[in-house]
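This report concerns only the one structure given below.
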Amino acid sequence: MFILNSVDFHHTYFGLLLIFLIRGCESSVKPIGPSLFKALVGTNVSLAITYTSQNAPPQVSWWKDGVSIAHWTVGIGEPQIASRYKDVLSVEDDGSLTFSNLTLDYTGTYEVIVVQVMSEERRALFNLTVYDIIEKVSLHTWPNDAVEGNGTFTLYYITAKGEAEEVQWFFNGTELQHGSHYSVSGKNLSIIHPRRTDTGLYSVTLKNPFSFGTYSRNVTVLYGPDQPMLDVSPTKDFFVLGESLWFSCGAQGEPVPAVSWAFMAQAVPSAQPGALHIANAQTSQSGVYTCMLINTQTGAQLNKSVTVNIYKSPAGSPVCSVHAVDESAALQYHCQWPGGTPGAQLSFPTLNTSSAGIGELNMTVDNPQGLDGTEVACVVHHPVYQGQCNITARKTAGLLPSVSAAVNENGKLLVTIGCVTEAIPNATVTWSMSGEDVSSLSDHEVSMDTTWLHIGNFNIITAGLHTYKCTAANPLGRQSSDIIPTGPAISEASLSSNEEGTVIMLFWEVPSMAIVTGFDIQMKGPDLSDPSTNITVSQSERAKEYQTLQVRPASSRSAEISGLDPKARYHFRVIPMAGQSAGEPSEPLSTGPGGLSGPAIAGIAAGIPCSLLVLLVVCVVLPCVLYHKKRNSEARYPVSRAVEKAVTTLSSPHHLLTSGLKLPPDYRLHQPPVAGHSRPMPSEPL
Ligand SMILES: *[C@@H]1O[C@H](CO)[C@@H](O)[C@H](O)[C@H]1NC(C)=O
Ligand SMILES: *[C@@H]1O[C@H](CO)[C@@H](O)[C@H](O)[C@H]1NC(C)=O
Ligand SMILES: *[C@@H]1O[C@H](CO)[C@@H](O)[C@H](O)[C@H]1NC(C)=O
Ligand SMILES: *[C@@H]1O[C@H](CO)[C@@H](O)[C@H](O)[C@H]1NC(C)=O
Ligand SMILES: *[C@@H]1O[C@H](CO)[C@@H](O)[C@H](O)[C@H]1NC(C)=O
Ligand SMILES: *[C@@H]1O[C@H](CO)[C@@H](O)[C@H](O)[C@H]1NC(C)=O
Ligand SMILES: *[C@@H]1O[C@H](CO)[C@@H](O)[C@H](O)[C@H]1NC(C)=O
Ligand SMILES: *[C@@H]1O[C@H](CO)[C@@H](O)[C@H](O)[C@H]1NC(C)=O
Ligand SMILES: *[C@@H]1O[C@H](CO)[C@@H](O)[C@H](O)[C@H]1NC(C)=O
Ligand SMILES: *[C@@H]1O[C@H](CO)[C@@H](O)[C@H](O)[C@H]1NC(C)=O
Ligand SMILES: *[C@@H]1O[C@H](CO)[C@@H](O)[C@H](O)[C@H]1NC(C)=O
Ligand SMILES: *[C@@H]1O[C@H](CO)[C@@H](O)[C@H](O)[C@H]1NC(C)=O
């Protein structure tokens, strides 16, 4: 606030009092129009007039706002002044009006009327404005806070004393013009729909002729939250169980918006403002995360959400299988991979592109013949895992019949016939004996998986008489095989010895369909030095007859005999046993000087004709043998020499094992599980 000093004031205003000439009637000059007076409170002001003196003194009257305040016929008597103004107004000798000690009340329009004889009435107007020094200015706002876009925000000033004649508003130093954004009216500056850019320093400059001043106020336009930025890092379509992730969220605003978090509409506390961390993510943490922003001052809220998926792949790996549908020729492909989040999507594109399953999928093919050997893939789609499992259905192939035997605790002969085949899905085997379904036969039992036929109490006398038939079938095909179990027999036997001729090894084979529960290894010759073999008969007997040295189980196809005298001559043979019944012994195998070829081996080669012959022997001769044996128990091996000869003729030498003993390849058949339990053969002295 600057106050003009009194000297200036006098010069400027008092000294420049406008003087109005009121001319005589003959004068063509008219009174000069309304004039302005500006004066400071407490000073004296004269509204001066001059007029041309004529023959008669003029009558001067002063009016304020249409009310007479003074009247005087110049030079005659005292001026008459309205009583209200007696102390402050005086009329000068020339009719001028003088105010002393002005107050704001005197602001107004004054009119002087001069009347002279012979002259027209003349008038002049004066506007007097009384100013005070401007003091104690304050700037206010309404409403308190400027909010972006919200209605009108008004700044206004209040003065304790003094009124401004001129008001200017500034924003950051730039004068504001009344317009569409700003409305300047009286003491108000209104900002219409304030914007955030309206934040800054507002100033008002107040001026009157005697003082001026500038007053400022900072205005902050509140706004926001603006559109939030919500980020999840790392950037991924989904997360995998156990991973870590971070959320960050923020938005512009004044004041800066406060951030809080919610997961599935439930508040989640977070230590860091604007951030949320998930360590070791669990699938239960999949869902919608919301970042909630609030402008604490305006209460404006904004939410932003993001969906996070946390996946887990199912345990293990997908499993494919194929099954026969009961009672029909259909195949059912099955694919399974349970668990996981989300569940794995399974499909069989090879079979049908449209069907799919979650975690498990079955597909039935009614006419599966074309699928034999076709690899059917189950394609697995899981966000975490992509893969497939394969399954190939195959028709029955390589039917592999087998026969095995054992003796139970009651001395009964148990025979198991196997019909093993490779087929996917597993083949179902049906059994018949000589055209009769085995289910109607006593002592016949088919295993759970149908692969094995167990015959309890097998009558070895009837071996070779019954034809068993197994038929293995799956939806892709079937195969049959005839099986004729035969009595105990040896199809080939051979011998090898070490270099010194003290240890020999016997090898033998049996026909595949022969019923064998064990083998007796017999020897004829001088004493053995090996104490591991028990020979209880006398030396002379020993040299003449075969003695049983060892008893071998059904699975055995070789035997070692040591302690031989290299200079002596020995004969060995293998007797196949079926329970208590013995079969045709093997061709005698000899060693020692005068043997077949020194320490050579006499073996029986199993050529195809040989096998057939053996079969013939077994099928035709053995029943006779057994029959004979029944009639005459002392005649153990009533096999005709002709047959023995035939077997011998077909024998062929085996290779000699020079150093150490090498076992020939194992020809043993698949040994199936046998019902009942087997017992080693009693070593019956012969
Ligand atoms: C104003 O008028 C009063 C009385 O008429 C006088 O006493 C005073 O001195 C005057 N003041 C000035 C500044 O002339
Ligand atoms: C002028 O008037 C004011 C109030 O109207 C008064 O206080 C003051 O004393 C007066 N001054 C003179 C010189 O009369
Ligand atoms: C003087 O005052 C009157 C009434 O208040 C107004 O009509 C007129 O315009 C004013 N004259 C000037 C020059 O300010
Ligand atoms: C926004 O304007 C409305 C009226 O236009 C008022 O009631 C409200 O209080 C204003 N909001 C704020 C935050 O000032
Ligand atoms: C100034 O602003 C106040 C408050 O907004 C309002 O009441 C008043 O009418 C306004 N005055 C003018 C002259 O605009
Ligand atoms: C006005 O001034 C304030 C404070 O210096 C500044 O933050 C703002 O950006 C300025 N606004 C404009 C529109 O220049
Ligand atoms: C306005 O704000 C500026 C900077 O923020 C500051 O320097 C200045 O003193 C403030 N003015 C007023 C009148 O508050
Ligand atoms: C934001 O989300 C919270 C929690 O879900 C809810 O209570 C609130 O109403 C939402 N606010 C807005 C503006 O959508
Ligand atoms: C698929 O087949 C298997 C066995 O046939 C069955 O246990 C399972 O319930 C089937 N699943 C569906 C989804 O049909
Ligand atoms: C399934 O077959 C495909 C193509 O023949 C092969 O790439 C894939 O390794 C197989 N998958 C399995 C589990 O055997
Ligand atoms: C199929 O046969 C195999 C071998 O005999 C067996 O391990 C498997 O369990 C069988 N599968 C079914 C479904 O019976
Ligand atoms: C020999 O006989 C004895 C008693 O008779 C017996 O304990 C032993 O096991 C037999 N040894 C062999 C190898 O058979």
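Basis for what follows: all heavy atoms, side chains included, without hydrogens, waters or symmetry-related copies. Counting convention: from 1, in listed order, for ligands and their atoms alike.
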Starting from [atom], locate the nearest protein heavy atom and write down its residue, its atom name and how far away it is, to 0.1 Å.
{"atom": "atom 4 (C) of ligand 8", "answer": "Met292 SD, 3.4 Å"}
{"atom": "atom 14 (O) of ligand 8", "answer": "Asn303 ND2, 3.1 Å"}
{"atom": "atom 10 (C) of ligand 6", "answer": "Asn172 ND2, 2.3 Å"}

- May I ask you to check if the distance between the SG atoms of Cys378 and Cys335 is under 2.5 Å?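 Between Cys335 and Cys378 there is a disulfide, given that their SG atoms are under 2.5 Å apart.
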- Item | Check SG atoms, Cys249 and Cys291, less than 2.5 Å apart | yes
- Can you check whether Trp142 and Phe153 have ring centres sitting under 6.0 Å from each other? no
- Query: Which atoms of ligand 8 have any heavy atom of Gln301 under 4.0 Å away?
  - Reply: 11 (N), 13 (C)
- Message: Please state which option from Thr220, Asn218, Val219 has its nearest heavy atom closest to atom 1 (C) of ligand 7.
- Response: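 Comparing heavy atoms across Thr220, Asn218, Val219, the nearest one to atom 1 (C) of ligand 7 lies in Asn218.
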- Got a protein heavy atom sitting under 4.0 Å from atom 12 (C) of ligand 7? yes
- Message: Does the protein place a non-hydrogen atom closer than 4.0 angstrom to atom 7 (O) of ligand 7?
- Response: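 Looking at atom 7 (O) of ligand 7, one finds that no protein heavy atom lies closer than 4.0 Å.
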- Query: Under 4.0 Å from any heavy atom of Thr197, which atoms of ligand 6 are there?
  - Reply: 13 (C)
- Message: Please check: side-chain N/O of His178 versus main-chain N/O of Val184, any donor-acceptor pairing under 3.5 Å?
- Response: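 Here the side-chain-to-backbone pair exists.
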- Query: Within 45° of the ring axis of Tyr223 and under 6.0 Å from its six-membered ring centre, is that where the NZ or CZ of Arg196 lies?
  - Reply: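 Checked: cation-pi criterion met.
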- Task: Using the six-membered ring wherever Trp is involved, compare the ring planes of Phe247 and Trp261 and label them parallel, tilted or perpendicular (cut-offs 30° and 60°).
- Result: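 Plane angle between 30° and 60°, so tilted.
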